[in-house]
Amino acid sequence: MSGARAALGGGLWAAAGPRWLWAAAAAAALAALLGAWRWGGGRRRRRAAGGRLQRVGTVSRLFVYPVKSCRGAEVPRAQVTPMGLRSGELRDRFWLVTKEDGHMVTARQEPRLVLVSVGCEDGCLTLNAPEMKQLRFPVSLSRKNPVRNCRLFGLDIQGRDCGDEAAQWITTFLNTEPYRLVHFEPSMVPRKSKDIINLFRTTDEVAYPDCSPVLILTEASLEDLNTRLEKKVKIENFRPNILVTDCRAYEEDSWEDILIGDVEMKGTVSCARCILTTVNPDTGVLDRKEPLETLKSYRLCDPSERHIYKSSPLFGRYFAVDKTGTIQVGDPVYKIIQ
């Protein structure tokens, strides 16, 4: 049976149906053939222009962290923009807790931030935390809200203040000193990743992430680490955007150019780990030792790279975005081999 007959089913073709059925069937078959040609041709062009594809894993989980250091929102699919993952109104690390003078506040200083869950309903960001009433405020803030000058890792960046109610909510929950909450808006000037780590390109930019739009980690790496620990840790200790399965431990270290869905990303540097990994994501208690000490026992950089990573252990890999698009759980991860 031809492709056109298969499109409508053999029974329709056995009966002498109206001419429009014949025309529709022919059009459907032609569209299917063109679609297959385009898909195959696109793959061939990609391989010819950018090297061949080697499957190296599968996306198992996706995370967006709207407020820096707060709990991540796990999503089934996400847009990958030049400045990181996006799911609806939730954009990765586009909100930031600051001191009143604008300096950033993270779970390094306030470990209980990891207990704050972030969501979005009807155009409003929602914050929930233990023994706190839910906070709701608009994602699109009033222009009457002041724009504040903020400071992250020695670099200046702006953020629009989310209002006194949000500031009071964060201050009440953390119960240490007055804090503000700010939002990075598209019209604002992002930070240059290259100003943080010189190995990035001049085109790589971020809002409030440490240095890179995307962080990838593999399940196998986490499993290997946990074989070395008395008390196992979770993926939430490490806050990746993309978790990958079906590969070997630390295989992500060698990924340079990768393809997921229709998104192309370029590996830049490994993720140098700090005491934030020792914050228990379920209790908000800072341990200061594990899993950091164990990682230091076997995941320090090569001496030739000490000027980049110093004495920090490496776990996961940062990626910059070469081609935007959409990814979802279950997508194959391909390495583009030049």
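Just so we're clear, the structure is a prediction, and the values are computed from it rather than from any experiment.
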Engineer: To the nearest 0.5 Å, what is the distance between CH2 on W95 and SG on C70?
Structural biologist: 11.5 Å

Engineer: To the closest 0.5 Å, what do you measure between CG (L243) and CZ (F63)?
Structural biologist: 6.5 Å

Engineer: Could you check if a side-chain atom of L225 sits within less than 4.5 angstrom of a side-chain atom of T294, using non-hydrogen atoms only?
Structural biologist: yes

Engineer: In plain terms, say whether K266 and D322 are close enough for a salt bridge, that is, a side-chain N and a carboxylate O under 4.0 Å apart.
Structural biologist: no

Engineer: For the residue pair G163 and N145, what are the closest heavy atoms and their distance?
Structural biologist: N-ND2, 3.9 Å

Engineer: Could you tell me which non-hydrogen atom of S69 sits nearest to which non-hydrogen atom of A107, and how far apart they are?
Structural biologist: OG-N, 2.8 Å

Engineer: Indicate yes or no: at least one non-hydrogen side-chain atom of R55 is less than 4.5 angstrom from one of K335.
Structural biologist: no

Engineer: Does any non-hydrogen side-chain atom of N241 lie less than 4.5 Å from one of D92?
Structural biologist: yes

Engineer: Any chance CZ of R248 has more than 12 other-residue heavy atoms, nucleotides or ligands included, within less than 6.0 Å?
Structural biologist: no

Engineer: Any link between L217 and V269 through a network of hydrophobic side chains (Ile, Leu, Val, Met, Phe, Trp, Tyr) touching at under 4.5 Å?
Structural biologist: no

Engineer: Verify, without hydrogens or angle tests, whether T278 (side chain) and R288 (backbone) share a donor-acceptor contact under 3.5 angstrom.
Structural biologist: yes

Engineer: Any heavy-atom pair between the side chains of L85 and V214 that's under 4.5 Å?
Structural biologist: yes

Engineer: Keeping T98 on the side-chain end and H103 on the backbone end, is there a donor-acceptor pair under 3.5 Å?
Structural biologist: no

Engineer: Do V64 and P66 come within less than 4.5 Å of each other through their side chains, counting heavy atoms only?
Structural biologist: yes

Engineer: Taking a hydrophobic cluster as the set of Ile, Leu, Val, Met, Phe, Trp and Tyr residues connected by side-chain heavy atoms closer than 4.5 Å, whether directly or through intermediates, do M188 and L155 fall within one such cluster?
Structural biologist: no

Engineer: Apply side chain to side chain donor-acceptor pair (under 3.5 Å) to the pair T218 and E252, showing each step before the final yes or no.
Structural biologist: CA-CA 7 Å; T218 65; E252 65 269 34; 2.9 Å; yes

Engineer: Applying side-chain contact (heavy atoms from CB on, under 4.5 Å), run through N226 and V233 and close with a yes or a no.
Structural biologist: CA-CA 7 Å; N226 274 327; V233 291; 3.5 Å; yes

Engineer: Can you measure from CH2 (W169) to CG (L174) and round to the nearest 0.5 angstrom?
Structural biologist: 8.5 Å

Engineer: By the definition salt bridge (Lys or Arg N to Asp or Glu O under 4.0 Å), identify the one residue from R273, K68, R239 that meets it with D210.
Structural biologist: K68

Engineer: Any side-chain heavy atom of T106 sitting closer than 4.5 Å to one from M104?
Structural biologist: yes

Engineer: Can R317 and E256 be counted as an ion pair, charged N to O under 4.0 angstrom?
Structural biologist: yes

Engineer: Would you give the length of the straight line joining atom OG of S270 to atom CZ of R299, rounded to the nearest 0.5 angstrom?
Structural biologist: 6.5 Å

Engineer: Report the distance from atom CE of M265 to atom CD1 of I242, rounding to the nearest 0.5 Å.
Structural biologist: 4.0 Å

Engineer: If you look at every heavy atom in S212 and A320, which pair is closest and at what distance?
Structural biologist: OG-N, 4.5 Å

Engineer: Should V67 and L127 be marked as a side-chain contact (heavy atoms from CB on, under 4.5 Å) after you check the CA-CA gap, both sets of side-chain angles, and the distance that decides it?
Structural biologist: CA-CA 9 Å; V67 182; L127 301 185; 4.2 Å; yes

Engineer: Taking atom types as modelled, is there a side-chain donor on T245 or E219 under 3.5 Å from an acceptor on the other?
Structural biologist: yes

Engineer: Can you see which heavy atom on P138 is nearest to which on L141, and at what distance?
Structural biologist: O-CD2, 3.4 Å

Engineer: Assess whether salt bridge (charged side-chain N to carboxylate O under 4.0 Å, His left out) is satisfied between K232 and E223, documenting all intermediate values.
Structural biologist: CA-CA 9 Å; K232 296 185 186 303; E223 290 167 1; over 6 Å; no

Engineer: Between OG1 of T277 and CD1 of I275, what distance do you get to the nearest 0.5 Å?
Structural biologist: 8.5 Å

Engineer: Inspect the contact between D282 and R71 and indicate whether a charged nitrogen and a carboxylate oxygen are less than 4.0 angstrom apart.
Structural biologist: no

Engineer: Does any part of the side chain of S87, heavy atoms only, come nearer than 4.5 Å to the side chain of R77, both counted from C-beta?
Structural biologist: no

Engineer: Ring centres of F315 and F238 under 6.0 Å apart?
Structural biologist: yes

Engineer: When you check the gap from the basic side-chain N to the acidic O, do E290 and K296 get nearer than 4.0 Å?
Structural biologist: no

Engineer: Distance-only, no hydrogens or angles: does the D262 side chain make a donor-acceptor pair with backbone N or O of G325 under 3.5 Å?
Structural biologist: no

Engineer: Evaluate the criterion side chain to side chain donor-acceptor pair (under 3.5 Å) for residue pair T176 and E110; output intermediate values, then yes/no.
Structural biologist: CA-CA 9 Å; T176 51; E110 293 284 0; 2.5 Å; yes

Engineer: Could you tell me whether R61 and E236 make a salt bridge, using a distance below 4.0 angstrom between a side-chain N and a carboxylate O?
Structural biologist: yes

Engineer: So which atom in P213 and which in P82 form the shortest heavy-atom distance, rounded to 0.1 Å?
Structural biologist: CG-O, 3.5 Å

Engineer: Taking the inter-plane angle between the rings of F94 and F184 on a 0 to 90° scale, is it parallel (under 30°), tilted (30 to 60°) or perpendicular (over 60°)?
Structural biologist: perpendicular

Engineer: Is Y179 reachable from L113 through a run of I, L, V, M, F, W or Y residues, each pair having side-chain heavy atoms under 4.5 Å apart?
Structural biologist: yes

Engineer: Once the angle between the rings of F319 and W255 is folded into 0 to 90°, is it parallel (under 30°), tilted (30 to 60°) or perpendicular (over 60°)?
Structural biologist: tilted

Engineer: Indicate, with yes or no, if V329 and Y334 share a hydrophobic cluster defined by side-chain heavy-atom contacts under 4.5 Å among Ile, Leu, Val, Met, Phe, Trp and Tyr.
Structural biologist: no

Engineer: If you apply the rule salt bridge (charged side-chain N to carboxylate O under 4.0 Å, His left out), what do you find for E100 with R180, and how did you get there?
Structural biologist: CA-CA 6 Å; E100 290 196 316; R180 309 297 301 185; 5.1 Å; no

Engineer: Start with the C-alpha gap between V147 and D161, add the side-chain angles, then the distance that decides, and say whether side-chain contact (heavy atoms from CB on, under 4.5 Å) holds.
Structural biologist: CA-CA 6 Å; V147 171; D161 194 280; over 6 Å; no

Engineer: If only atom types and distance count, is the side chain of D331 paired as donor or acceptor with the main-chain N or O of Q328 below 3.5 Å?
Structural biologist: yes

Engineer: Indicate yes or no: does R191 engage D195 in a salt bridge with an N to O separation below 4.0 Å.
Structural biologist: no

Engineer: Using modelled atom types only, decide if a donor and an acceptor are shared between the side chain of D224 and the backbone of S221 within a distance under 3.5 Å.
Structural biologist: no

Engineer: Do F173 and Y65 land in one hydrophobic cluster if side-chain heavy atoms of ILVMFWY residues count as linked below 4.5 Å?
Structural biologist: no

Engineer: Answer yes or no: does atom NZ of K194 have more than 12 heavy-atom neighbours from other residues, nucleotides or ligands under 6.0 Å?
Structural biologist: yes

Engineer: So, do V279 and V285 sit near enough that their side-chain heavy atoms are less than 4.5 Å apart?
Structural biologist: no

Engineer: Is the CD atom of E165 crowded by more than 12 outside heavy atoms at less than 6.0 Å?
Structural biologist: no

Engineer: Restricting to non-hydrogen atoms, name the atom on I327 and the atom on L62 that form the minimum distance, rounded to 0.1 Å.
Structural biologist: CD1-CD2, 3.6 Å

Engineer: Output yes when a side-chain donor or acceptor of K192 lies under 3.5 Å from a complementary backbone atom of T202, and no otherwise.
Structural biologist: yes

Engineer: Quick one, T326 with V263, criterion side-chain contact (heavy atoms from CB on, under 4.5 Å). Give me CA distance, side-chain angles, the key distance, then yes/no.
Structural biologist: CA-CA 7 Å; T326 303; V263 175; 5.8 Å; no

